[in-house]
Amino acid sequence: QVQLVESGGGLVQAGGSLRLSCAASGNIFSFNVMGWYRQAPGKQRELVATVSSGGRTNYVDSVKGRFTISRDNTKNTVDLQMNSLKPEDTAVYYCSLHVSGLGGYWGQGTQVTVSS
């Protein structure tokens, strides 16, 4: 089994920053893509950012220039640094891990609330 545990969520005012962290354990495999999804009430779940085991990153347009995803392959962790937060960023954020041919996994989620 694969387990993903997120931390770092909370309540911040618009313009503030948060750093989300995720620790992975279990049958992870060395080649994988880790990332963050988010889902706001009444909205579709969207992929926010991903980072491959080789360090290649991708971001949804709405967070480019504000969020930074990074990973530590030795510790099997992935972080999401979120700056210049906006109320529209309010959502439950889920850490994810995908292994090609085997499927994907998600954590329990952590709440991020940005007040205006």
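Heavy-atom basis, side chains included; hydrogens, waters and symmetry copies ignored. Bear in mind that the values here come from a model prediction, so they are computed numbers and not experimental data.
- The side-chain hydrogen bond (donor to acceptor under 3.5 Å, both in side chains) analysis of residues 43-55, with sequence neighbours excluded, yields the pairs Arg38-Glu46.
- For residues 33-75, there are no disulfide (SG to SG under 2.5 Å) pairs, not counting sequence neighbours.
- Qualifying side-chain contact (heavy atoms from CB on, under 4.5 Å) partners for Asn83, counting only residues two or more places apart in sequence or in other chains: Ser17, Gln81.
- Listed by chain and number, the residues in a side-chain hydrogen bond (donor to acceptor under 3.5 Å, both in side chains) with Thr57 amount to none (sequence neighbours excluded).
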Check residues 21-28 and write down every donor-acceptor pair under 3.5 Å in which the side-chain atom is one partner and the other belongs to a residue at least two apart or another chain.
| from | atom 1 | to | atom 2 | distance (Å) |
| --- | --- | --- | --- | --- |
| Ser21 | OG | Asp79 | OD1 | 3.1 |

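- Val33 and Val99 fall into different hydrophobic clusters, where Ile, Leu, Val, Met, Phe, Trp and Tyr side chains are chained together by heavy-atom contacts under 4.5 Å.
- The side-chain contact (heavy atoms from CB on, under 4.5 Å) test applied to Val114 returns Val12, Ala14, Leu85, Pro87, Asp89, Thr90, Val112, not counting sequence neighbours.
- Taking both residues in full, the closest heavy atoms of Cys95 and Val78 are given as SG-CG1, 3.7 Å, listed atom of the first, atom of the second, then distance.
- Contacts classified as ring-ring contact (aromatic ring centres under 6.0 Å, His included) and involving residues 70-102 (residues at least two apart or in different chains) are not found.
- In this structure the side chain of Leu80 never reaches within 4.5 angstrom of the side chain of Arg19, judged on heavy atoms.
- Residues Leu102 and Phe29 have side chains in contact (heavy-atom distance under 4.5 Å, counting atoms from C-beta outward).
- The list of ring-ring contact (aromatic ring centres under 6.0 Å, His included) pairs with a residue in residues 49-71, not counting sequence neighbours, is empty.
- There is a path of hydrophobic side-chain contacts, each under 4.5 Å, that joins Val92 to Leu47.
- When the salt bridge (Lys or Arg N to Asp or Glu O under 4.0 Å) test is applied to Asp72, no partner is found at least two apart in sequence or on another chain.
- Scored by the side-chain hydrogen bond (donor to acceptor under 3.5 Å, both in side chains) test, Gln111 finds Thr113 as partners (sequence neighbours excluded).
- Residues Asn73 and Arg71 bring a donor and an acceptor atom of their side chains to less than 3.5 Å of each other.
- Shown here are the side-chain contact (heavy atoms from CB on, under 4.5 Å) partners of Val5, two or more places apart in sequence or in another chain: Gln3.
- Using a 4.5 Å cut-off between side-chain heavy atoms of Ile, Leu, Val, Met, Phe, Trp and Tyr, with links allowed through other members, Leu97 and Val51 fall into the same hydrophobic cluster.
- Within a 6.0 Å radius of CD in Gln13, no more than 12 heavy atoms belonging to other residues, nucleotides or ligands are found.
- Judged as a ring pair (Phe, Tyr, Trp, His ring centres under 6.0 Å), and not counting sequence neighbours, the contacts of Tyr37 are Trp106.
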